[in-house]
Amino acid sequence: MVFEGLSAKLQETMKKIRGQGRVTEKDVKEMMREIKLALLEADVNFKVVKDFINKVSERAVGQDVLESLTPGQQVVKIVNEELIELMGKTQSKITFAPNPPTVLMMVGLQGSGKTTTSGKLANLLRKQGKNPLLVACDVYRPAAIKQLQVVGDQLNVPVFSMGDKVNPVDIAKAALEHARAKLHDLVIIDTAGRLHINEELMEELSRIKSAVKPHEILLVVDSMTGQDAVNVAESFNEKLGIDGIILTKLDGDTRGGAALSVRTVTGKPIKYVGMGEKLSDLEPFFPDRMASRILGMGDVLSLIEKAQESFDEKKAMELEKKMRSQQFTLEDFLDQMQQVKKMGPLNQVLGMIPGMNNKALKNVEVDEKKMVHVEAIIRSMTRQERMEPSIINANRKKRIAAGSGTTIQDVNRLLKEFEEMKKLFKMMSDMGRHRGKGLGKFKMPF
Amino acid sequence: MGFFDRLKEGLEKTRKGITERIDKVLVSFGKIDDELFEELEEILVTSDIGIDTSMKIIEDLKKKVRENKVIHPADVKDLLKEELVHVMEGECRLNIGTSPSVIIVIGVNGVGKTTSIGKIANLLKQSGKKVIVAAGDTFRAAAIDQLEVWANRVGVDLIKHSEGSDPAAVIYDAVQAAKARKADVLICDTAGRLHTKKNLMEELKKVSKVIDRELPGASRETLLVLDATTGQNAIAQAKTFNESSDITGIILTKLDGTAKGGVIIAVKSELKIPVKLVGVGEKMEDLQEFNAREFIEALFD
């Protein structure tokens, strides 16, 4: 039950409603309960959920829903719209100071990912033409300074540090001088992780703030945070006045309800999201995608977008024709593989399909290595062999295996799987014809 | 300061939050009705216990209230307490009977693995054990240095390779060192990894195999570190790590904040993995054995 998506649950509720033939207020209430549970499961703070549900109920109980033919869909639409509205309609970026250097200050709890994110941000903004300086102000956690230095080395971005015996306020001040002298137009200050209820350390942040007057204070929040996210965000915002939020560790399978919680209680925009351990894994925040994720509806928008970007419409049409007419060759197969690859890592693509998110994906083993092997094998074939696999005899197999660095068994397996796939296409194509539905939307399932 | 006091101190905010709200609920409801249970359920949910587990707990509670013919709303609280203690009870002593025995510490990024290892090493050293720590996090920048600072602070030996080397090789060397130096306990650090990264979960299996092969029959603890701030994702973390590593216990960290850490109740209830240790601060001695009754009492006092 924990992993069931909201859409599945709502469908269940809607079924009951359909059976009755008309929608009552009680039904809306029931749907709202499902949405409430879904949001709570996604770790949205309880108070935030309550306010949200009240707001949506007001809209939902209105006539447009009750008179609608598909009330369930309407409710989801309203919920989705309200979520996007709440999380900020537009993308929010870092604003740079008219007189450089722009100073950014990273704050947050221990382990939220400040140091890694500082590095990622330096990397991203350097690509936009900035000349960043990283500043090591975490004098408390063992080896925190060293960590930032290693990150800086990897990126080839200079790191300013004065060891762990100097007051962070003084380090920040000296760093600003240093940046001016060395003509850095961007200064990113990495501060120590601290509990929002630690008065002394929160006071220290205030002092750094008044010493260097950062243009933006960015709160780094772990996307897996639970109900407590509101307390953390509220405290940091009250004491420091934050300008934006960076959400980390979103490459996991958390639903990320904390995003909604922190956005609601602070009113401050989420500017970036951390999507992995590589220093390039920092992405802009898309409210609509986050809304779908929190609702457990999969990242439908992203998937559609990626598919549109990657699939060549004309090629797809041709392919469909070929599949129907049994003219599908290994050459087409290779082509199709390239298109799928363009969409990104397969497990990422699969993860975006609604209902696939958790339970389903566990059973689907996406072996990207296997795909590489398959590609190598096909690439080791001659064009003729790709068009007419039947001519591949033992000698040819030996050559292909040697050329692709695989074994003859691998080649055999691929040829067999390919034949089975063709049969499958034929079956589906026949079925489609009989039912008169066609395969217009069909894309190759890998 | 005893365990109870320290835990209570660490959990003060938690306890106050929950208790105040529960008392308020119980005072404002003169009789036991559905609304009372609903409010109690809400309180559990806001402690990160999770809607699923909360509903289950409340169902059990309702049954008990009927069976025991409870009339006073205030008695419901005692029953709820009993329910939670019942869910959380479990063996919390570390299984480190053999010499050497092994403790592997695993978890997602940023939960406090390295800090916890420093604290465990201290705890064991205080009880007269000879401890060696292995710097198995060869991935994160300066993770080895961080553990080294802890090893020096506590005064235990550290086995390390350079950054980027094979963690299984570090563990292999550490096992050999533990044998040669006649250590009682070898504590292995591992790199933080999101449980959704399949290849990294495989890497953990490899580490485990090295220990199986080199120290057959040795007592072993595989401790999953969970951050008390984490919400429902902690359940997915526990489930997935358990699939690859057979977790024997949980360390719940950062309980000194305002987070309630209630999700461990869901973890325990679903996976039956006991919480063995709790982190209640940043000091070396801020790690305590977990005790279910005292934990629940501290929540409700």
Side-chain angles (χ1 to χ4, degrees), chain A residues 1-3 36-37 40-43 45-47 50 109-113 115-116 119 140-151 153-154 193 195-198 222-229 231-232 235 248-249 251-258 276-277 347 351 358 361-362 365-366, chain B residues 13 42-43 45-48 50-55 108-112 114-115 118 139-150 152-153 163 191-198 227-237 240 243 253-254 256-263 266 270 282:
Chain A
M1 186 166 169
V2 177
F3 294 112
K36 182 176 139 189
L37 294 184
L40 287 173
E41 261 175 37
D43 288 323
N45 178 267
F46 188 81
K47 277 189 220 127
K50 224 173 176 178
L109 295 183
Q110 292 96 336
S112 53
T115 306
T116 307
Y140 304 106
R141 205 197 67 200
I145 296 173
K146 178 83 189 292
Q147 187 186 348
L148 191 65
Q149 280 166 343
V150 173
V151 167
D153 280 350
Q154 282 168 8
L195 282 174
H196 50 293
I197 49 170
N198 188 325
D222 184 332
S223 61
M224 298 182 278
T225 311
Q227 298 286 318
D228 200 41
N231 298 327
V232 175
S235 302
T248 59
K249 307 179 202 172
D251 48 328
D253 58 358
T254 179
R255 295 264 294 279
E277 300 212 45
N347 46 7
N358 297 296
L361 260 189
K362 252 187 210 157
E365 294 250 343
V366 183
Chain B
K13 301 270 172 187
E42 284 176 13
I43 290 161
V45 170
T46 49
S47 310
D48 278 323
I51 187 71
D52 228 17
T53 311
S54 298
M55 290 196 298
V108 300
N109 318 60
V111 287
T114 308
T115 307
F139 181 79
R140 206 204 66 204
I144 299 169
D145 303 74
Q146 188 184 348
L147 189 62
E148 192 159 28
V149 173
W150 273 106
N152 292 337
R153 205 180 268 178
E163 216 166 282
R193 63 201 77 213
L194 286 181
H195 50 292
T196 47
K197 306 279 154 86
K198 204 171 176 319
D227 182 336
T229 329
T230 305
Q232 298 312 296
N233 196 249
I235 302 170
Q237 289 172 25
T240 321
E243 276 164 22
T253 59
K254 308 185 195 177
D256 47 331
T258 49
K260 325 225 179 297
V263 70
E270 283 194 33
E282 292 190 299

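Residue numbering restarts at 1 for every chain, and letters A, B, ... go by the order of the sequence lines. Just so it is clear, the values below take in all heavy atoms, side chains as well, and ignore hydrogens, waters and symmetry mates.
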N-O pairing of B:D227 and B:K254 below 4.0 Å: yes
Region of B:V45 in contact with chain A, defined by heavy-atom distances below 4.5 Å: both
Heavy-atom pairs under 4.5 Å with chain B, option from A:A42, A:G111, A:S235 with the top count: A:G111
Options A:N45, A:N231, A:D251, ranked by heavy-atom pairs under 4.5 Å with chain B, top entry: A:D251
Portion of A:Q149 that has a non-hydrogen atom of chain B nearer than 4.5 angstrom: neither
Pairwise side-chain contact, B:H195 with B:N233, heavy-atom cut-off 4.5 Å (strictly under): yes
Which atom of B:D48 lies closest to which atom of A:G226, heavy atoms considered: OD1-CA, 3.5 Å
Which of B:T253, B:V149, B:T229 touches chain A most, by non-hydrogen pairs under 4.5 Å: B:T229
A:L109 portion near chain B, given a 4.5 angstrom heavy-atom threshold: side chain
Under 4.5 Å from any heavy atom of chain B - which part of A:K47: neither
Over all atoms of both residues, closest heavy-atom pair of B:F139 and B:A191: CB-CB, 4.1 Å
Side-chain touch A:L40/A:Q227, heavy atoms, less than 4.5 angstrom: yes
Leading residue by heavy atom contact count with chain B [cutoff under 4.5 Å; candidates A:I145, A:T225, A:T116, A:D222]: A:T225
Side-chain heavy-atom pair B:N109, A:E277 within 4.5 angstrom cut-off: yes
Chain A contact via B:V108 - side chain, backbone, both or neither, heavy atoms under 4.5 Å: side chain
Close side-chain approach of A:M224 and A:D43, heavy atoms under 4.5 Å: no
Part of B:E148 lying under 4.5 Å from any heavy atom of chain A: neither
